[in-house]
Peer 1: 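Here it is, the structure, as structure tokens.
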Amino acid sequence: MNWKNLTSLEQFDDIDAQSQSSPVVLFKHSTRCSISATALSRLERKWNDDKHPGVDAYFIDLIANRDLSNAVAERYGVAHESPQVLIIDQGSCVYDNSHFGITYDEILERIAPASV
């Protein structure tokens, strides 16, 4: 995956703007958690950027950026979990899942209309 690192609060405005034309994927990752590493690996192995033109994927390192994780929860109205994937569409969270519930197939279902 061609991740964009989410490192500042200002990037949320960019994400919301991008989500007006195409869904945006957010992945919250704990570098200290084996479940998070497994979920990330499973997603990266299946993802193909060529199949999802225009869909940006942002990566949040929770250990380095805990404040951003809290901001995600507040801004999009979801409980914090780790690992966690969210799909932002039209400035709102339309999907979230965590741990081994994170699957490429479910994410694809949610972003497919915009990536055809």
Side-chain angles (χ1 to χ4, degrees):
M1 292 183 78
N2 187 20
W3 293 112
K4 293 183 177 186
N5 287 317
L6 183 59
T7 57
S8 73
L9 293 171
E10 293 76 24
Q11 288 175 281
F12 286 116
D13 291 334
D14 295 335
I15 289 168
D16 288 346
Q18 291 167 359
S19 77
Q20 298 303 313
S21 59
S22 184
V24 175
V25 176
L26 301 179
F27 187 87
K28 294 169 42 179
H29 174 62
S30 171
T31 56
R32 297 179 185 161
C33 174
S34 62
I35 294 172
S36 190
T38 300
L40 177 62
S41 176
R42 287 175 32 190
L43 182 57
E44 288 181 329
R45 281 194 314 264
K46 286 193 170 191
W47 192 271
N48 180 338
D49 285 324
D50 294 335
K51 291 184 180 181
H52 316 293
V55 175
D56 287 325
Y58 284 82
F59 181 89
I60 306 168
D61 178 339
L62 299 180
I63 304 304
N65 298 293
R66 180 60 193 212
D67 60 326
L68 294 177
S69 177
N70 293 336
V72 166
E74 183 177 324
R75 186 170 188 126
Y76 298 113
V78 297
H80 164 73
E81 296 193 62
S82 170
Q84 185 175 28
V85 67
L86 295 86
I87 298 175
I88 310 303
D89 194 9
Q90 304 294 311
S92 297
C93 180
V94 296
Y95 173 82
D96 78 280
N97 213 324
S98 66
H99 296 81
F100 291 118
I102 298 171
T103 67
Y104 171 76
D105 293 336
E106 277 195 21
I107 293 169
L108 181 60
E109 279 182 31
R110 307 295 175 138
I111 65 172
S115 62
V116 175

Peer 1: Atom CZ in Arg66, atom NE2 in His80: separation rounded to 0.5 Å?
Peer 2: 3.5 Å
Peer 1: In Å, rounded to the nearest 0.5 Å, how long is the span from CG of Asp61 to OG of Ser69?
Peer 2: 10.5 Å
Peer 1: Consider only side-chain heavy atoms of I, L, V, M, F, W and Y, link residues closer than 4.5 Å, and tell whether Val55 and Leu40 are in one cluster.
Peer 2: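 They do share one cluster, since a chain of ILVMFWY contacts under 4.5 Å joins Val55 to Leu40.
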Peer 1: Is there a continuous path of hydrophobic side-chain contacts, each under 4.5 Å between heavy atoms, that joins Val94 to Val85?
Peer 2: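 Same cluster: Val94 reaches Val85 through Ile, Leu, Val, Met, Phe, Trp or Tyr contacts under 4.5 Å.
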Peer 1: May I ask whether Ile102 and Ile35 are part of the same hydrophobic cluster, defined by side-chain heavy atoms of I, L, V, M, F, W, Y residues being less than 4.5 angstrom apart, directly or through others?
Peer 2: no
Peer 1: Say you draw a straight line from CZ of Phe100 to CZ of Arg42; how long is it, rounded to the nearest 0.5 Å?
Peer 2: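 Atom-to-atom, Phe100:CZ and Arg42:CZ are 6.5 Å apart.
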Peer 1: Tracing side-chain links under 4.5 Å among I, L, V, M, F, W and Y, which residues wind up in one group with Ile63?
Peer 2: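 Ile63 clusters with nothing; isolated.
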Peer 1: Is the backbone of Lys28 close enough, under 3.5 Å, to the side chain of Glu81 for a donor and an acceptor to pair up by distance?
Peer 2: no
Peer 1: Is there a donor-acceptor contact under 3.5 Å from the side chain of Ser19 to the main chain of Gly91?
Peer 2: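 The answer is yes, because a donor-acceptor pair under 3.5 Å joins these two groups.
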Peer 1: Is there a chain of hydrophobic side chains (I, L, V, M, F, W, Y, each step under 4.5 Å between heavy atoms) that links Ile15 to Ile111?
Peer 2: no
Peer 1: Which residue is it: Lys46, Arg45, Glu44? I am looking for the one with a side-chain contact (heavy atoms from CB on, under 4.5 Å) to Tyr104.
Peer 2: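 It is Lys46; the other options fail the test.
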Peer 1: Using distance alone, with no hydrogens and no angle criterion, decide if Tyr95 and Glu106 have a side-chain donor and acceptor under 3.5 Å apart.
Peer 2: yes
Peer 1: Using atom types as modelled and distance alone, determine if a side-chain donor or acceptor of Asn65 lies under 3.5 Å from a backbone N or O of Leu68.
Peer 2: no
Peer 1: Pro83 and Phe27: which non-hydrogen atoms are nearest, and at how many Å?
Peer 2: CB-CZ, 3.9 Å
Peer 1: Are the side chain of Ser22 and the backbone of Gly54 linked by a donor-acceptor contact shorter than 3.5 Å?
Peer 2: yes
Peer 1: Treating Thr38 as the side-chain partner and Ser34 as the backbone partner, does any N or O pair qualify as donor plus acceptor under 3.5 Å?
Peer 2: yes
Peer 1: Hey, any chance Phe12 and Val24 share a hydrophobic cluster, counting ILVMFWY side chains that come within less than 4.5 Å of each other, even indirectly?
Peer 2: yes
Peer 1: Between atom OG of Ser36 and atom NE2 of His99, what is the distance when rounded to the nearest 0.5 Å?
Peer 2: 8.0 Å
Peer 1: Knowing that exactly one of Asn97, Ile107, Leu26 qualifies, which makes a side-chain contact (heavy atoms from CB on, under 4.5 Å) with Ile87?
Peer 2: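 Only one option passes, and that is Ile107.
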Peer 1: Rounded to the nearest 0.5 Å, what's the gap from CD on Gln90 to OG on Ser21? Could you check?
Peer 2: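 Between Gln90 CD and Ser21 OG, I get 8.5 Å after rounding to 0.5 Å.
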Peer 1: To the nearest 0.5 Å, what is the distance between CG on Asp16 and CG on Asp89?
Peer 2: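 CG of Asp89 is found 11.0 Å from CG of Asp16.
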Peer 1: Hey, are Asp96 and Arg110 close enough for a salt bridge, meaning a charged N less than 4.0 Å from a carboxylate O?
Peer 2: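 No salt bridge links Asp96 with Arg110.
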Peer 1: Going by ring pair (Phe, Tyr, Trp, His ring centres under 6.0 Å), name the pairs with one or both residues in residues 58-77, residues two or more places apart or in two chains.
Peer 2: Trp3-Phe59, His29-Phe59
Peer 1: Is there side-chain contact between His52 and Leu108, with at least one heavy-atom pair below 4.5 Å?
Peer 2: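 His52 reaches Leu108 side chain to side chain.
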